[in-house]
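By convention in this document, chain letters (A, B, ...) are assigned in the order of the sequence lines, proteins followed by strands, and residues within each chain are numbered from 1. No experiment lies behind these values; they were computed from the predicted model shown. Side chains included, hydrogens not; waters and symmetry mates left out as well; all remaining heavy atoms used.
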There are 2 protein chains.
Amino acid sequence: MSGKEIRRSMPLFPIGTVMQLTELTARQIRYYEEHQLISPARTEGNRRLYSLNDIDRLLEIKDLIDQGINMAGIKQLLLVKEQQESLLEQQAKSAKREVTDDELRKLLRNELMHSGRLNRSSLRQGDLSRFFH
Amino acid sequence: MSGKEIRRSMPLFPIGTVMQLTELTARQIRYYEEHQLISPARTEGNRRLYSLNDIDRLLEIKDLIDQGINMAGIKQLLLVKEQQESLLEQQAKSAKREVTDDELRKLLRNELMHSGRLNRSSLRQGDLSRFFH
DNA sequence: ATGATATGTAAGATAATCTAACATGGTTTT
DNA sequence: AAAACCATGTTAGATTATCTTACATATCAT
């Protein structure tokens with residue numbers, strides 16, 4: 001079942017393709033990398049190679065930027081969202097199993113600290129998935 | 001419902017990526033194009049750009065070559081398979097509608113002429129789809 | 001043995017990408 | 001208002017990827 005993750009994280013696209021798919025300039029894409037919002041793979045010849053996940057993430061970043069959020073903010077948001085997702089995944093995995101008190105505390109703390117608008121972008125997130133069946 | 005087709009026929013991959021995905025050399029890929037087994041799009045700068053469909057097709061070609069079939073044979077096979085698929089699609093589309101006698105005759109004729117092993121490769125065909133969810 | 005087929009390889013040209021540096025228009029901060 | 005900062009544009013020179021064309025070669029069929 002994690003084959004899907006492998007596929008989506010497979011580095012396939014050079015920056016030119018990513019530019020078209022995301023409508024971002026190369027400068028922007030590299031700038032976001034510089035600020036560690038993404039970390040694409042590299043070919044043997046040092047060319048960047050992006051995965052579907054990377055592209056989704058770039059679309060998300062674009063969305064957040066449109067909302068006026070700066071690099072630092074986006075970095076935090078993506079981080080929180082990541083752990084949120086891994087939590088949900090974990091929760092689904094052992095559906096019946098109880099969550100440890102510690103995990104629960106962390107989850108609640110995050111929900112409190114970063115409440116409000118946080119998942120608006122997740123509507124746009126799967127945007128790229130429309131390109132692949 | 002044809003959005004899927006659009007996605008799968010979207011030119012995204014440079015030849016380098018295709019080489020890795022198909023384990024064919026650039027020489028081979030261009031040679032097959034020369035013999036009109038595929039016709040990838042081109043970028044503004046004349047670089048070839050391949051779609052998911054193209055890559056599937058290359059995997060199919062590879063399979064047919066392994067079976068000892070030559071360019072001319074593969075060309076015909078792909079052609080027949082194409083019309084076969086469009087027929088099936090059409091058949092599914094107007095599921096209830098009767099097939100015209102003419103179409104039926106063509107379908108039967110093809111099944112007779114190209115019977116036997118013809119769909120063995122279609123097992124390998126969707127091979128690439130494992131890369132995308 | 002001859003010829004055709006599929007692929008390898010080399011050369012020179014062009015395109016795409018890389019890094020690094022400086023430029024710039026909008027925001028903040030002082 | 002001036003200074004500093006942020007996100008992006010632009011340029012330059014270097015490197016890698018791809019293109020076309022041509023010739024080489026091994027395998028297979030005639």
Side-chain angles (χ1 to χ4, degrees), chain A residues 10-52 54-55 57-79 121 124, chain B residues 10-52 54-55 57-79 121 124:
Chain A
M10 190 176 199
L12 292 176
F13 305 96
I15 203 171
T17 301
V18 177
M19 289 173 63
Q20 290 187 182
L21 254 28
T22 63
E23 297 183 278
L24 293 167
T25 67
R27 181 64 160 99
Q28 287 175 302
I29 297 172
R30 297 196 193 104
Y31 185 71
Y32 304 152
E33 178 183 351
E34 192 178 334
H35 287 264
Q36 302 161 55
L37 305 187
I38 41 172
S39 26
R42 296 280 183 144
T43 81
E44 200 176 305
N46 200 36
R47 256 80 179 150
R48 275 168 258 252
L49 272 193
Y50 299 85
S51 68
L52 288 174
D54 289 331
I55 295 177
R57 192 171 245 250
L58 282 171
L59 290 173
E60 226 176 312
I61 292 172
K62 198 184 179 190
D63 207 68
L64 296 175
I65 282 186
D66 285 346
Q67 296 172 36
I69 307 173
N70 67 5
M71 296 296 105
I74 294 177
K75 191 169 179 179
Q76 280 314 109
L77 276 174
L78 292 179
L79 234 163
S121 68
R124 278 193 53 70
Chain B
M10 191 176 198
L12 292 176
F13 305 95
I15 203 170
T17 301
V18 177
M19 289 172 64
Q20 291 187 184
L21 255 26
T22 62
E23 298 182 276
L24 293 167
T25 68
R27 181 63 160 100
Q28 287 174 303
I29 297 172
R30 297 197 194 104
Y31 185 71
Y32 304 152
E33 177 183 351
E34 192 178 334
H35 286 265
Q36 302 161 53
L37 305 187
I38 42 172
S39 26
R42 297 280 183 144
T43 82
E44 199 177 304
N46 199 36
R47 257 78 181 153
R48 274 168 260 253
L49 273 193
Y50 299 85
S51 67
L52 287 174
D54 288 332
I55 295 178
R57 192 171 245 250
L58 283 171
L59 289 173
E60 225 175 315
I61 293 171
K62 198 184 178 190
D63 207 68
L64 296 174
I65 283 185
D66 284 346
Q67 296 172 35
I69 306 173
N70 66 5
M71 297 293 106
I74 294 176
K75 190 169 180 179
Q76 279 314 109
L77 276 175
L78 292 179
L79 234 163
S121 69
R124 276 193 53 70

How many angstroms lie between [atom1] in [X] and [atom2] in [Y], if you round to the nearest 0.5 Å?
X: B:Leu58; Y: B:Leu24; atom1: CG; atom2: CG; result: 6.0 Å
X: B:Leu64; Y: B:Leu59; atom1: CG; atom2: CG; result: 11.0 Å
X: A:Met10; Y: A:Leu49; atom1: CE; atom2: CG; result: 10.5 Å

With sequence neighbours left out, what residues match [X] under side-chain hydrogen bond (donor to acceptor under 3.5 Å, both in side chains)?
X: B:Asn46; answer: B:Arg42
X: A:Glu33; answer: A:Arg48
X: B:Thr43; answer: none

Looking at every heavy atom in both [X] and [Y], which two are closest together, and how far apart are they?
X: B:Gln28; Y: B:Thr25; value: OE1-N, 2.9 Å
X: B:Leu37; Y: B:Leu78; value: O-CD1, 4.1 Å
X: A:Met71; Y: A:Ile65; value: CE-CD1, 3.9 Å
X: B:Lys62; Y: B:Thr22; value: NZ-O, 3.1 Å

Rounded distance in Å - [atom1] ([X]) to [atom2] ([N]):
X: B:Gln28; N: C:dT9; atom1: CD; atom2: P; result: 11 Å
X: B:Asp66; N: C:dT7; atom1: CG; atom2: C1'; result: 14 Å
X: A:Glu23; N: D:dT8; atom1: CD; atom2: P; result: 15 Å
X: A:Glu33; N: C:dC18; atom1: CD; atom2: C1'; result: 11 Å
X: A:Met71; N: D:dC5; atom1: CE; atom2: P; result: 17 Å
X: B:Lys62; N: C:dT7; atom1: NZ; atom2: C1'; result: 14 Å
X: B:Leu49; N: D:dA17; atom1: CG; atom2: P; result: 16 Å
X: A:Leu24; N: D:dA7; atom1: CG; atom2: P; result: 14 Å

Q: Dump the intermediate steps for side-chain contact (heavy atoms from CB on, under 4.5 Å) on B:Gln76 and B:Leu79, then the final yes or no.
A: CA-CA 5 Å; B:Gln76 279 314 109; B:Leu79 234 163; 3.9 Å; yes
Pairs under 3.5 Å (N/O, protein and nucleotides 2-4 of chain C):
none

Q. Excluding sequence neighbours, so at least two apart, what forms side-chain contact (heavy atoms from CB on, under 4.5 Å) with A:Ser51?
A.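 side-chain contact (heavy atoms from CB on, under 4.5 Å) check on A:Ser51 returns A:Asn53, A:Asp54.
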Q | Under the side-chain contact (heavy atoms from CB on, under 4.5 Å) test, residues paired with B:Thr17 that sit two or more places apart | A | A:Leu12, B:Phe13, B:Pro14, B:Leu21
(Q) When you measure from the side-chain N and O atoms of B:Tyr32 to the phosphate of C:dA6, is any distance below 4.0 Å, counting only OP1 and OP2? (A) no
Q) Is the phosphate of C:dA6, meaning OP1 or OP2, less than 4.0 Å from a side-chain N or O of B:Tyr31? A) yes
Q) Which residues in residues 35-42 of chain B have at least one heavy atom lying under 4.0 Å from any atom of DNA chain C? A) none
(Q) Any heavy-atom pair between the side chains of A:Leu77 and A:Glu60 that's under 4.5 Å? (A)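 Counting from C-beta outward, A:Glu60 and A:Leu77 never come under 4.5 Å.
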Q | A:Lys75/A:His35 under side-chain contact (heavy atoms from CB on, under 4.5 Å): CA gap, chis, key distance, verdict | A | CA-CA 8 Å; A:Lys75 191 169 179 179; A:His35 287 264; over 6 Å; no
Q: Start with the C-alpha gap between A:Asp63 and A:Gln67, add the side-chain angles, then the distance that decides, and say whether side-chain contact (heavy atoms from CB on, under 4.5 Å) holds.
A: CA-CA 7 Å; A:Asp63 207 68; A:Gln67 296 172 36; 3.0 Å; yes
Q. Can you check side-chain contact (heavy atoms from CB on, under 4.5 Å) on A:Tyr32 and A:Ile74, steps first, answer last?
A. CA-CA 10 Å; A:Tyr32 304 152; A:Ile74 294 177; over 6 Å; no
Q: Can you pull out how bent the helix from C:dA1-D:dT30 to C:dT24-D:dA7 is, comparing the axes over its first five and last five pairs, to 10°?
A: 30°
Q | Contact pattern, 5' to 3', of nucleotides 10-17 of chain C - B, S or - by protein heavy atom under 4.0 Å | A | ----BBBB
Q) Along nucleotides 22-30 of chain D, 5' to 3', which nucleotides get a B, which get an S, and which get a -, given that the test is a protein heavy-atom distance under 4.0 Å? A) ---------
What N/O pairs connect the protein and nucleotides 24-30 of chain C at under 3.5 Å? Give each pair on its own line.
none

